[in-house]
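Let me begin by presenting the structure, written as structure tokens, before commenting on it.
Worth saying up front: this structure is predicted, and the values here are computed from it rather than measured. Each chain gets a letter, A, B and so on, in the order the sequences are listed, and its residues count up from 1.
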Amino acid sequence: MAAKPKNKMDLITALAKRRGFVMPTSEIYGGIGSSYDYGPLGIEMKRKLADLWWREMVRKHENIVGIDSAIIYHPKTWVASGHVDGFTDPLVDCKQCKARFREDELVDRVVAGIKGIDEKPLKENDQHLDADHPSYALIPCPNCGTKGSLTPPRSFNLMFKTHIGPVEDSGDAVYLRPETAQGIYVDYPQVQTTARLKPPFGIAQIGKAFRNEITPGNFIFRTREFEQMEMQYFIPPGTENETMDFWKTERMAFWRDVCGIKEENLRFHQHTGDELAHYASDAYDIEYNFPFGWDEFEGIHSRTDYDLKRHAEHSGKQKDLEYFDDQTRERYLPYIVETSAGLNRGLLAILLDAYDEDDVDGNDRVVMRLDPKLAPITAGIFPLTKKDGLPEIARKLHEDLKLDFDVFYDEAGNIGRRYRRQDEAGTPFCITIDHQTLEDQTVTIRDRDTLDQPERPKLDQVANVLSARLRG
RNA sequence: GCGGCGGUAGCGCAAUGGUAGCGCCCCAGCUUCCCAAGCUGGUUGUUGCGGGUUCGAGUCCCGUCCGCCGCUCCA
């Protein structure tokens, strides 16, 4: 009987859960929307991806340094960034024609002009429309004219709000950061000074961000809690075009050459017109060909001096945020080009890209063709059988390697079964101790993708071989 | 938020309102000794959760949560 055709997202979701990459959180209580936990293999891979990013951004570039800022910032940060103002107005939807209106516009332009409706009683605390008021049903939709089709006003701010202090509704309201970028902007003068940086320079950060998305979905692609890998590059005004070109090339090369994502599944998408955010003068997304379509997992944006200007205004610290160039004797607000990648989205793209099914001697095989640098387990270490002293040698090899490599010891079942288990985990190499090892101290190294065992290094050379493979 | 569909073992799935099962995986042993072979045995479920109808509910009804698809949204 032929297997039911499955789409790749279902296959990856099932494999991720089955093998301990990613699973729904708190499942014994039914789970909670859009929250996922990373299992033993998933966390190793996520950390390796984050470490590779850090290597390519911070360690590779002398003029880029890292920080790790708090998740809760001073609430004014979000006023300055536009996150509070942009989205505090409650919105009203028309259930008939699906049009959406701001509550205050509705009052000003529609309610006030209708006979028989007194604006005042419709408002609660002079703030919001009272949807339970009998007159609410008389308001026609400004778009299609239908009466009684308007939803109650709902707040659409995407930021998670909480409060400082243990007592509810006391203390100051604060927000969980919806992006990590602002943490870099507000720290920039301090970092620039202590690290003695001159534009162009960058500040990098990996951390969690939170957005109360209306529609999360597609596994770990859009979740309300997610992890960003961001680098904000501070540059002299006028150099943004060449900077954009540089980082576009760098970032694409990272996903393609360092992480091993297939070139045909990657592309740039330029933001134009309405797509362009209010803060951006030019913007490109790096998109992956997901099963649900091409979609973004990293953005390279030219943000001008919009953010620093806003923070200068709202903090009153214009001078602190300016950079003074000793050479030209000029003082200016740097322009910013950001590279902002979704760690979870990047991971999803890599998992999808690595998934493969092939045929080994008439048997179906599921294999994750992960780059060795990203594979959760670098090498499996197996005794060919459980007898003849082979397990002892294998365990010794495992002991010798485990502090420097992610190695995994397994002696259960036949050798083929153990190879296949590692194939699904994406393990690139499997080292097997066999009877010849007893004679000449050599072992086989089985390649995940070719199934070949091209060489037999001596036991004490295995570490060198693995190091070379991880580099290459 | 709206509409449609779904949720049964780790995974994939069965089960007229009448004893919750199958395959794979997993574990132990035997066997084999380089690619999920075979044999024997074994673990695993409050059928998402909570109510209701019924002598009896995985199955019917209500609510709720979670997921998928479409719409909306994604500053």
Determine the Euclidean distance between corresponding [atom1] atoms of [M] and [N]; express it in Å to zero decimal places.
| N | M | atom1 | value |
| --- | --- | --- | --- |
| B/A37 | B/G18 | P | 38 Å |
| B/C69 | B/G52 | P | 35 Å |
| B/C30 | B/A20 | P | 37 Å |
| B/C62 | B/G23 | C1' | 36 Å |
| B/C74 | B/G6 | P | 31 Å |
| B/G42 | B/U53 | C1' | 40 Å |
| B/C11 | B/C49 | P | 14 Å |
| B/G58 | B/G45 | C1' | 12 Å |

When the distance from [atom1] of [X] to [atom2] of [N] is rounded to whole Å, what number comes out?
| X | N | atom1 | atom2 | answer |
| --- | --- | --- | --- | --- |
| A/Glu27 | B/A9 | CD | P | 10 Å |
| A/Met23 | B/G67 | CE | P | 16 Å |
| A/Arg222 | B/U72 | CZ | C1' | 12 Å |
| A/Phe292 | B/C74 | CZ | P | 18 Å |
| A/Phe221 | B/G67 | CZ | C1' | 18 Å |
| A/Lys17 | B/G7 | NZ | C1' | 11 Å |

message: For a 4.5 angstrom cut-off between non-hydrogen side-chain atoms, does A/Val79 reach A/His314?
response: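 The answer is yes; the side chains approach within 4.5 Å.
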Encoded 5' to 3' (Watson-Crick or G-U under 3.5 Å; [ ] crossing; | other strand), RNA chain B becomes (((((((..((((....[..)))).(((((.......))))).....(((((..]....))))))))))))....
Restricting to side-chain contact (heavy atoms from CB on, under 4.5 Å), what partner residues turn up for A/Lys396, sequence neighbours left out?
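Scan of A/Lys396 (side-chain contact (heavy atoms from CB on, under 4.5 Å), adjacent residues dropped) gives A/Asp400.
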Do [X] and [Y] get their side chains close enough for a donor-acceptor pair, meaning under 3.5 Å?
| X | Y | result |
| --- | --- | --- |
| A/Ser340 | A/Glu230 | yes |
| A/Thr304 | A/Ser281 | no |
| A/Thr450 | A/Asp447 | yes |
| A/Thr437 | A/Asp434 | yes |
| A/Asn344 | A/Tyr36 | no |

Per the under-4.0 Å heavy-atom filter, residues of residues 339-347 of chain A near RNA chain B come out as none
Residues of residues 294-313 of chain A with a heavy atom under 4.0 Å from any atom of RNA chain B, listed by number, are none
Kindly write out the residues that satisfy ring-ring contact (aromatic ring centres under 6.0 Å, His included) with [X], not counting sequence neighbours, or none if the list is empty.
| X | result |
| --- | --- |
| A/Phe221 | A/Phe290, A/Phe292 |
| A/Trp247 | A/His61, A/Tyr233 |
| A/Tyr185 | none |

Residue list, salt bridge (charged side-chain N to carboxylate O under 4.0 Å, His left out) with A/Glu227, at least two apart or on another chain: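 Listed in chain order: A/Lys46.
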Distances for protein N or O near nucleotides 63-66 of chain B N or O, under 3.5 Å:
from	atom 1	to	atom 2	distance (Å)
B/C66	OP1	A/Gly33	N	3.3
B/C66	O4'	A/Gly30	O	3.3

Does B/C73 have OP1 or OP2 sitting under 4.0 Å from an N or O in the side chain of A/Asn212? no
Exercise. Does A/Arg420 use its side chain to pair, donor to acceptor, with the backbone of A/Val366 at less than 3.5 Å?
Worked result: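 No, because the side chain of A/Arg420 does not come within donor-acceptor range (under 3.5 Å) of the backbone of A/Val366.
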Which residues share a side-chain hydrogen bond (donor to acceptor under 3.5 Å, both in side chains) with A/Gln318, sequence neighbours left out: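 In terms of side-chain hydrogen bond (donor to acceptor under 3.5 Å, both in side chains), with neighbours along the sequence ignored, A/Gln318 is linked to A/Glu322.
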Report task. For A/Asn289, enumerate each residue passing the side-chain hydrogen bond (donor to acceptor under 3.5 Å, both in side chains) test, keeping only those at least two apart in sequence or located in another chain. Result ->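 A/Asn289 satisfies side-chain hydrogen bond (donor to acceptor under 3.5 Å, both in side chains) with no residue once adjacent residues are dropped.
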- Task: For A/Pro178, answer base if it contacts any base atom (sugar-phosphate contacts may also be present), sugar-phosphate if it contacts only those atoms, and nothing otherwise; contact means non-hydrogen atoms under 4.0 Å.
- Result: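 Here A/Pro178 touches the bases of the nucleic acid.
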B/S/- along nucleotides 25-41 of chain B (protein heavy atoms under 4.0 Å) is SSS-S---BBBBB----
Taking atom CZ of A/Arg267 as the centre, does the number of heavy atoms from other residues, nucleotides or ligands within less than 6.0 Å exceed 12?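 Atom CZ in A/Arg267 is crowded, with more than 12 foreign heavy atoms closer than 6.0 Å.
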Note to self: On a heavy-atom basis, which atom in A/His398 and which in A/Ile381 lie closest, and how many Å separate them?
What the structure shows: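 Heavy atoms of A/His398 and A/Ile381 come nearest at CA-CD1, 3.7 Å.
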| query | Would you call the rings of A/His271 and A/His301 parallel, tilted or perpendicular if under 30° counts as parallel and over 60° as perpendicular? | reply |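 Rings of A/His271 and A/His301: tilted, 30 to 60°.
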